Structure formats: structure tokens, C-alpha cells
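Here the structure comes first, spelled out in C-alpha cells, and everything after it is commentary.
For ligands, and for the atoms within them, numbers begin at 1 and follow the listed sequence. Please read these numbers as outputs of a predicted model, since none were measured by experiment. Values below: every heavy atom of this structure, side chains too, minus hydrogens, waters and symmetry copies.
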Amino acid sequence: DVIREIDGLKELEARVEKLLGIPEVIIVSGDSGQDPLVKREMGYAAGRVIRERFAGGVLAVTGGTTVATVAEMIPANQSGYAIEVLPARGGVGENVEVQANTIAALFAAKMGGTYRMLHIPDTLTEEAYQFFLEDSSTKEYLQSLQRAHMLVHGIGQAITMAKRRGGSKELIDLLKRKGAKGEALGYYFDEAGRVVHAMHSIGLRMNDLPNVQLIVAVAGGADKAEALLAVARGSRQDVLITDEACAEATLRYV
Ligand code: BG6
């Protein structure tokens, strides 16, 4: 912590906490958008938060390269309590390494818990969405997910994420027209934090978040500053793990 005071990270953390209204912000030095080592540092810091704060029960995780790095970096250490790791969303469609299912399995192996998988594509038509909602095993899964004690999730740039998910040209045009900047949990937020589009996907919904005891966001890189601002303005985050480049770029935006 002495080093963190010397290099000014503590002060930066306090400024970002105030700006984003997030009670606890942890910043690692560097730019994870440029340097994979910084992403690993961020993953390690997030792993520490999970280890310190999660005292058993349901851990919900999203996909993405950042949360995948958290799973990779969290020390393998069997915990003394029961853990069930659940993918917060389907996410079939992304590369398997960064799907929430794969990441949930990795967390469970590292922490000594069990996991379940959700084999439902992230992008569903209205009809398919309604169909899955009626399914009894999906219902039961969603009930477990809604009891999550902790959620660990990533944040993405709106257009980047829509493209990565194979979004249609119509969707991308719509997001651009509506000024979507950031994305988290399948929700697209504009600059003011308004939800401008929500994916039809089975998983944790915004309405479920008040029940989740601790929401941990992990996102870094100067490129994600605008996305972070949008998501933080529009949703509750309890702990943010980010990097210096993203933190500084965020402060410059306002
Ligand atoms: C996804 C999450 O899997 O990861 C998204 O569901 C998030 O909500 C994204 O935006 C971030 O991905 P990455 O690779 O930038 O960490």
C-alpha cells in the first residue's frame, strides 16, 4: 500500500469512486488494453476481492476475456465452504474460452466448488426467449441465479460487443442511433446511463440485481472509459477493478 500511495493510485481511486459513485475502486497501474500483463494484474486484484469477500453460496460470472483472466489468475485454493458457480448468461456464440460456461467451470475448479452450465444462446428471438422462459429446468436455473451472493462481470464497448455477438446491421445502426456506449449483462447504455437496448437472453436481469449482495465489475483499458461511464451511470456497482489508463481516461471524459 505504501507503493500505491507513492504512485498516486490511492488518490486516483478516490477520484474515480466519487465520479462514478462506486464505493470501492481498485486500480492497477498501466493499460490492460495495450499490455496483457496489466490485464493479468487486474485479474489478480479481482481474484483477491473475490477471495476476501465471497463467503460461499452462489457466485455468478459473465464471460469475456477480462473475467476469463480473473478465473485464470485467482489462486487455486479449496475454500472451506460450499460454492456453486453459475454462468450469469448463456453466451453460446462467443469463442468457447471466453464463454461464461467455461469460465464458471474454471472458477469452480480453482475454488473447490461445483458449477452448472447454461446451454442457451445469448442472442434469442422473442419467440425463443419466451419458449425458454417456460421451460421448467430453465426456471429452476434462474431461481438459483437470482440467489447469487456475488456477481463478477465485465463491461464492453457497445458497438464492439454487438459485433462480437454477431449482431445484425439493423441492430448496430439502432445502437449507433440511440447513442449506445457501454454494455454489461446484455444491456446497452447511452452516455447518460439510460438503457437503450436489452438483449433477449436468459440469465441475470437488471431486475435481479438488487438481490445480489456484491456486484463486482472488472474492466480496463483506455478504450473502455466511455463504456465504463455509461454502465456506472446506469447500474449499481459495488466494487470496480480497473487500470490506470481507463481511470484517467474516464476522468478526462467529464
Ligand atoms: C461479456 C460480458 O462476456 O464480456 C459482457 O457478458 C462484457 O457484458 C464483455 O461487455 C467484456 O468482454 P471483454 O473481452 O472486453 O472482457
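- Judged by distance alone, the side chain of R51 and the main-chain N or O of P75 form a donor-acceptor pair under 3.5 Å.
- Proximity annotation for atom 6 (O) of ligand 1: of R165, M161, H153, R164, R165 comes nearest, heavy atoms only.
- Residue contacts with ligand 1: G186 is placed with no nitrogen or oxygen under 3.5 Å of a nitrogen or oxygen of the ligand (distance criterion only).
- The hydrophobic clustering, which links ILVMFWY residues whose side-chain heavy atoms are closer than 4.5 Å, places M206 and M199 apart.
- Annotation for F132: atom CZ counts as buried by contact number, over 12 foreign heavy atoms lying within 6.0 Å.
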Chi angles and distances behind the salt bridge (Lys or Arg N to Asp or Glu O under 4.0 Å) call for D173, K169: CA-CA 6 Å; D173 288 346; K169 186 176 176 300; 2.8 Å; yes

Per-pair distances, 0.1 Å, donor-acceptor, side chain in residues 19-34, under 3.5 Å, sequence neighbours excluded:
{"from": "E24", "atom 1": "OE1", "to": "R53", "atom 2": "NH2", "distance (Å)": "2.4"}
{"from": "E24", "atom 1": "OE2", "to": "R53", "atom 2": "NH2", "distance (Å)": "3.1"}
{"from": "D31", "atom 1": "OD1", "to": "G33", "atom 2": "N", "distance (Å)": "2.8"}
{"from": "D31", "atom 1": "OD1", "to": "A222", "atom 2": "N", "distance (Å)": "3.4"}
{"from": "S32", "atom 1": "OG", "to": "G221", "atom 2": "N", "distance (Å)": "3.3"}
{"from": "S32", "atom 1": "OG", "to": "D243", "atom 2": "OD2", "distance (Å)": "2.6"}

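- By the rule that hydrophobic residues join a cluster once side-chain heavy atoms approach within less than 4.5 Å of another member, M73 and V216 end up as members of separate clusters.
- Given atom 10 (O) of ligand 1, the protein heavy atom at minimum distance is E183 OE1, 2.5 Å.
- Every atom of ligand 1 with a heavy atom of G154 under 4.0 Å away is listed here by number and element: 7 (C), 8 (O).
- Residues Y187 and L175 are members of separate hydrophobic clusters, defined by side-chain heavy-atom contacts under 4.5 angstrom among Ile, Leu, Val, Met, Phe, Trp and Tyr.
- Among the atoms of T66, some N or O lies under 3.5 angstrom from an N or O of ligand 1.
- Within ligand 1, counting atoms from 1 as listed, the ones closer than 4.0 Å to a heavy atom of G156 are 7 (C), 10 (O).
- Using a 4.0 angstrom heavy-atom cutoff, Q99 does not count as in contact with ligand 1.
- Among protein heavy atoms, the minimum distance from atom 11 (C) of ligand 1 is reached at I155 O, 3.7 Å.
- Checking only distances, T65 does come within under 3.5 Å of ligand 1, N or O to N or O.
- Taking distance alone, with nitrogen or oxygen atoms compared against 3.5 Å, L185 approaches ligand 1 more closely than that limit.
- Distances shorter than 4.0 angstrom occur between a heavy atom of K224 and an atom of ligand 1.
- For R164 and E183, the salt-bridge test fails: no basic side-chain N is under 4.0 Å from an acidic carboxylate O.
- In this structure, K163 places its NZ atom where only 12 or fewer heavy-atom neighbours from other residues, nucleotides or ligands lie under 6.0 Å away.
- With ligand atoms numbered from 1 in the order given, ligand 1 contributes 8 (O) to contacts under 4.0 Å with heavy atoms of A184.
- Scanning the protein heavy atoms around atom 3 (O) of ligand 1, the nearest turns out to be G63 C, 2.8 Å.
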